[in-house]
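Right, one structure below, let's go through it.
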Amino acid sequence: MPELPEVETVVRGLNAQAKGRTIKTIPHIAEHLRKRDTELRTLAGDTFVNFDRRGKYIIAELASGRQLLIHLRMSGQILFIDNRERRQSHDHFVSTFTTGSDKLIFRDTRKFGIMEFLRETNNEGFRKLGIEATAITPTILANLLSVSSRPIKALLLDQSALAGLGNIYADESLYLSRIHPLRPCNQVQKTEIVELTASIRKVLDSAIKKMGTTFDSYSGVNGNPGEYSRYLRVYNQEGNSCSRCGETIIKIRAVGRGTHLCPGCQQLKPVRRRKRVR
DNA sequence: ATTCTCACCTGTTAGC
DNA sequence: TGCTAACAGGTGAGAA
């Protein structure tokens with residue numbers, strides 16, 4: 001679930017609660033994380049200078065000059081909890097601080113999440129990220145769309161084209177701009193591109209304001225759920241009626257993903273806006 | 001080259 | 001009720 005708005009929320013929480021703090025000890029690093037980056041243990045003694053976001057990645061800047069990359073993938077969570085609380089089975093990284101009575105936990109049920117130092121030899125995915133979805137413009141989007149005939153949803157989910165959108169916000173953005181997820185990229189009309197640009201920005205901005213969407217496991221660093229779930233128009237709304245046209249929202253499988261849409265107002269073919277007169 | 005499919009891992013839920 | 005299969009928000013390796 002963590003897409004751009006959720007990751008942004010976590011980064012803000014990290015800046016509020018861990019910026020300037022020095023790691024004292026690391027009581028636990030799970031095997032799969034330790035194997036991926038054997039230097040994780042050297043975080044002890046280092047200080048968090050700042051936290052940043054790029055796409056769905058969290059970047060922790062350290063006083064040593066190093067950058068720690070964190071990706072939550074499907075089920076990752078960053079949590080600050082009381083020092084005395086017992087470690088749970090899916091807590092894969094735990095660190096204490098030289099100040100305060102809390103500890104930082106990386107909890108991740110499905111173990112897809114990543115935590116490792118940025119090096120020149122790793123994280124190709126990070127270095128190949130496309131433009132931030134929050135910074136999209138009609139011109140940039142038009143350029144991305146013009147060079148491909150794959151379904152538009154595939155492009156929206158492609159992090160090397162547009163960084164930050166995931167399944168939820170891709171579906172929501174397409175719904176708002178009335179475009180069918182399977183529409184070939186190069187068949188999206190100019191007016192629709194302008195619409196889609198605005199929809200993407202609007203959906204992401206509102207979701208950030210609501211601290212993200214909690215569908216299943218996502219929460220902020222204090223365990224608080226995201227409030228945007230209440231504002232979803234199509235995602236997870238199959239069976240409900242469309243608030244625009246009243247048709248029943250459906251769920252299909254598109255580009256390998258569960259995909260939600262309104263068959264009444266999301267057009268597979270471009271809509272002819274004006275009839276040509278003679 | 002681009003695009004698609006599957007695997008990664010665990011928990012939950014739909015279906016029998 | 002109990003078991004099994006399918007599915008879940010993301011990505012990357014390898015196949016097509």
Practice task
Report which part of the nucleic acid A:Lys251 touches: base, sugar-phosphate, or nothing (heavy-atom distance under 4.0 Å, all strands).
Solution key: sugar-phosphate
Handout entry: Nearest-Å distance for atom pair CD/C1', residues A:Glu3 and C:dT11
Key = 13 Å
Enumerate donor-acceptor pairs with a distance under 3.5 Å from any side-chain N or O in residues 133-143 of chain A to protein atoms, sequence neighbours excluded.
residue, atom, partner, partner atom, Å
A:Thr137, OG1, A:Ile140, N, 3.2
A:Asn143, ND2, A:Thr139, O, 3.4

Handout entry: Atom-pair distance (CD1 on A:Ile114; C1' on C:dT11), nearest Å
Key = 8 Å
Exercise for the section: Output every pair passing side-chain hydrogen bond (donor to acceptor under 3.5 Å, both in side chains) with a member in residues 38-51 of chain A, not counting sequence neighbours, ordered by first then second residue. Expected result: A:Lys19-A:Asn50, A:Thr22-A:Thr47, A:Thr42-A:Arg66, A:Asp46-A:Ser64, A:Asp46-A:Arg66
Fill in the blank from the handout: note: A:Phe112, atom CZ; C:dA8, atom C1'; distance rounded to Å ~ 10 Å
Practice task
For C:dC7 and B:dT5, measure between their P atoms and round to the nearest Å.
Solution key: 14 Å
Problem - Interface limits on DNA chain B, where chain A has a heavy atom under 4.0 Å of a nucleotide atom - result: B:dT3 to B:dG11
Handout entry: Nearest-angstrom distance, P atom, B:dT12 to C:dT11
Key = 23 Å
Handout entry: Between C:dA8 (C1') and A:Asn167 (CG): distance, integer Å
Key = 10 Å
Every protein N/O lying under 3.5 Å from an N/O of nucleotides 13-16 of chain C:
none

Practice task
Any ring pair (Phe, Tyr, Trp, His ring centres under 6.0 Å) involving residues 17-49 of chain A? Give me the pairs, sequence neighbours left out, ordered by first then second residue.
Solution key: A:His32-A:His92, A:Phe48-A:Phe51
Exercise for the section: Compare all side-chain heavy atoms of A:Ile78 with those of A:Phe106 and state whether any distance is below 4.5 angstrom. Expected result: yes
Handout entry: Partners meeting side-chain hydrogen bond (donor to acceptor under 3.5 Å, both in side chains) with A:Asn15 (sequence neighbours left out)
Key = none
Problem - For A:Arg119, all residues meeting side-chain hydrogen bond (donor to acceptor under 3.5 Å, both in side chains), sequence neighbours excluded - result: A:Asp37
Practice task
Please work out if A:His32 contacts a base, only the sugar-phosphate, or nothing of the nucleic acid, heavy-atom cut-off 4.0 Å.
Solution key: nothing
Practice task
Would you indicate what A:Phe126 reaches in the nucleic acid, counting non-hydrogen atoms under 4.0 angstrom: base, sugar-phosphate, or nothing?
Solution key: nothing
Exercise for the section: Find out whether the Lys NZ or Arg CZ of A:Arg233 is both under 6.0 angstrom from the six-membered ring centre of A:Tyr175 and within 45° of the ring's axis. Expected result: no
Exercise for the section: Any pair with a residue in residues 54-78 of chain A that passes ring pair (Phe, Tyr, Trp, His ring centres under 6.0 Å), sequence neighbours left out, goes on the list, sorted by first then second residue, please. Expected result: A:Tyr57-A:His71, A:Tyr57-A:Phe126
Handout entry: Contact check, side chains of A:Thr99 and A:Arg21, non-hydrogen atoms, under 4.5 Å
Key = yes
Problem - All side-chain hydrogen bond (donor to acceptor under 3.5 Å, both in side chains) counterparts of A:Glu132, not counting sequence neighbours - result: A:Arg53, A:Arg54
Exercise for the section: Please list, chain by chain and in numerical order, all residues satisfying side-chain hydrogen bond (donor to acceptor under 3.5 Å, both in side chains) with A:Asn186, sequence neighbours excluded. Expected result: none
Practice task
Compare all side-chain heavy atoms of A:Leu118 with those of A:Ile59 and state whether any distance is below 4.5 angstrom.
Solution key: no
Practice task
Give a yes/no answer on whether the side chain of A:Arg257 brings an N or O atom under 4.0 Å of OP1 or OP2 in C:dG10.
Solution key: yes
Handout entry: Between A:Ser173 and A:Ser199: side-chain donor-acceptor atoms closer than 3.5 Å
Key = no
Problem - Length of the CG-P vector between A:Asn123 and C:dG12, whole Å - result: 8 Å
Problem - Value in whole Å for how far the C1' atom of C:dG10 lies from NZ of A:Lys111 - result: 17 Å
Exercise for the section: Check the distance between C:dT11's P and A:Arg73's CZ and give it to me in whole angstrom. Expected result: 7 Å
Practice task
Kindly state which residues belonging to residues 151-166 of chain A come within less than 4.0 angstrom of DNA chain C, counting heavy atoms of the residue only, listed by number.
Solution key: A:Gln159, A:Gly166
Problem - Watson-Crick and G-U pairing of DNA chain B written in dot-bracket, each distance under 3.5 angstrom, with | for inter-strand partners - result: .|||||||.|||||||
Handout entry: Under 3.5 Å side-chain donor-acceptor pair for A:Asp52 and A:Gln67
Key = no
Problem - Nearest-Å distance for atom pair CG/P, residues A:Asn236 and C:dC7 - result: 16 Å
